[in-house]
Protein chains: 2
Amino acid sequence: MVREKVTVERLVHAAADLADEVGFDQLTVSALARRLDVRDASLYSHVRNVQDLRMRLAALALTELADRVAEALAGRAGKDALVAFANAYRDYARRHPGRYAAAQIEIDPESPAGSAARRHAELTRAILRGYALTEPAQTDAVRFLHSTLHGYVSLERAGGFRHHPRTADDSWRLSLDALDAVLTTWPPD
Amino acid sequence: MVREKVTVERLVHAAADLADEVGFDQLTVSALARRLDVRDASLYSHVRNVQDLRMRLAALALTELADRVAEALAGRAGKDALVAFANAYRDYARRHPGRYAAAQIEIDPESPAGSAARRHAELTRAILRGYALTEPAQTDAVRFLHSTLHGYVSLERAGGFRHHPRTADDSWRLSLDALDAVLTTWPPD
DNA sequence: CCCTCCTACCTAGGACCTCTAGGCTAACGC
DNA sequence: GCGTTAGCCTAGAGGTCCTAGGTAGGAGGG
């Protein structure tokens, strides 16, 4: 009976699932080793250390997120594209909280995770093609958009919208309307 | 020569300073004990466990943040109040990254930290008095505002705006203009 | 077919962290 | 003086990160 061998790919996917279950900051080498049924020391021949593991997880998450966003954006433009992008983004964050948290860590642009991050950033910029913006207004608008989306899903995840009758879904729809309106008239007076 | 005795207040303030220096998630009981020149076990007569320490730090941070915001808001209204509020918020997050991170953890509404959180939430709502909103539009607007501010300072802190010539300060000013514009015409069509 | 190398795993162990149990001492109220 | 309390201590169990050094089994070359 041969146990399935550990490869870096299997290891990082297992880490991603574990992070989604217990939280990104609860992701430990020991817990991952337990799940893979090996000793913790054995994992250090696949990853250099915990930081390396987290970085690889970040690369995985950024790649997956960019894939979903690209799919959501296909064939759409204008507000339609904005809403599809935002929903894909929020959906990923809700379904995969551990992966989403991993995607937020500081990234070395030179690393593989850096190129996944750049791809994601370019997709975000693609949305703004429907709003006809030139630099530096485009950069400002991307930052505003990214801030609002990231802030919303972070606060929602942290439970900030729970102690109130108004549902998070309803406020989300209004927020997307607001984003469309503000991008349409960008730059603001 | 008697060493200054540890009280819960001194302990939590030292924890806050330590968290600002090394990061909220690097805040450990051991490191705090070293800084206070006592054994780590001694601190467990002041706080129940690490979670308790973090919660007390969150309460401190929320109280401080609410104080600064209240001061910034005094005597201002409309866009003036919005800008003062946002700048106080961002300034606190930049000066006190550890405390700011502490303020984001999930809070039990029944705890002391919960009342500090409520006070902060009420101050945020106070800004919207200048924009004449009624429920549920007011809740949607508060969530939108909070999302954008929190998202911006989080991404800025994580280094997301560093690899680009456009400064984070310039985009920030534009973002505040955009927030004012969107709140002025809330609810968005 | 045998030898060598490499890969994926192992044990052992040091350093650090969390937290409990149990005990000492000094100050304070009666 | 005496008990209580507050604040500190040591000892130690158990978890985590990581290094050092070693073993089994498969791949490839002679």
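What's counted below: heavy atoms across the whole structure, side chains too, no hydrogens, waters or symmetry copies.
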Nearest-nucleotide pick for Val29(B), side chain only, options being dC9(C), dT18(C), dT11(C): dT18(C)
Value in whole Å for how far the C1' atom of dA6(D) lies from OH of Tyr44(B): 19 Å
Tell me: CG of Asp52(A) to P of dT19(D), nearest whole Å? 11 Å
Hey, are Glu135(A) and Thr139(A) close enough side-chain-wise for a donor-acceptor pair under 3.5 Å? yes
Atom CZ of Arg48(B) to atom C1' of dA21(C): distance rounded to whole Å? 17 Å
Nearest to the side chain of Val50(A), which nucleotide is it out of dC9(D), dC18(D), dT18(C)? dC18(D)
Would one find a side-chain N or O of Arg34(B) under 4.0 angstrom from OP1 or OP2 of dC17(C)? yes
Is it the case that the side chains of Arg119(B) and Thr63(B) hold a donor-acceptor pair, with the cut-off being a distance below 3.5 Å and no angle test? no
CG of Leu43(B) versus P of dC17(C): gap in Å, rounded? 13 Å
Base, sugar-phosphate, or nothing: which does Ser42(A) touch, judged by heavy atoms less than 4.0 Å apart? base
Could you tell me whether the phosphate oxygens of dT10(D), OP1 or OP2, come under 4.0 Å of any side-chain nitrogen or oxygen in Arg39(B)? yes
Which is it for Lys79(A) and Asp177(A) under the salt bridge (Lys or Arg N to Asp or Glu O under 4.0 Å) test, yes or no, and what are the steps along the way? CA-CA 9 Å; Lys79(A) 183 175 181 181; Asp177(A) 289 344; 2.7 Å; yes
Ser30(A) side chain N/O closer than 4.0 Å to the phosphate oxygens (OP1, OP2) of dC17(D)? yes
Round to the nearest Å and state the distance from Asn49(A) atom CG to dT19(D) atom C1'. 12 Å
From the options dC8(D), dA21(C), dC9(C), select the nucleotide whose nearest atom is closest to the side chain of Val38(A). dC9(C)
So does Thr28(A) get a side-chain nitrogen or oxygen closer than 4.0 Å to the phosphate oxygens (OP1/OP2) of dG15(D)? no
Over how many whole Å does the gap from Asp40(A) atom CG to dT19(D) atom P extend? 12 Å
To the nearest Å, how far apart are His46(B) NE2 and dC8(D) P? 4 Å
What does Ala31(A) touch in the nucleic acid at a heavy-atom separation under 4.0 angstrom: a base, only the sugar-phosphate, or nothing? nothing
Quickly work out the Asp37(A) CG to dC9(C) P distance and round it to whole Å. 11 Å
Where the side chain of Gln51(A) is concerned, which of dC17(C), dC18(D), dT10(D) is the nearest nucleotide? dC18(D)
Under a 4.0 Å N-O cut-off, is there an ion pair linking Arg94(A) with Glu156(A)? yes
Under 6.0 Å between ring centres, would you say that holds for Tyr152(B) and Tyr89(B)? no
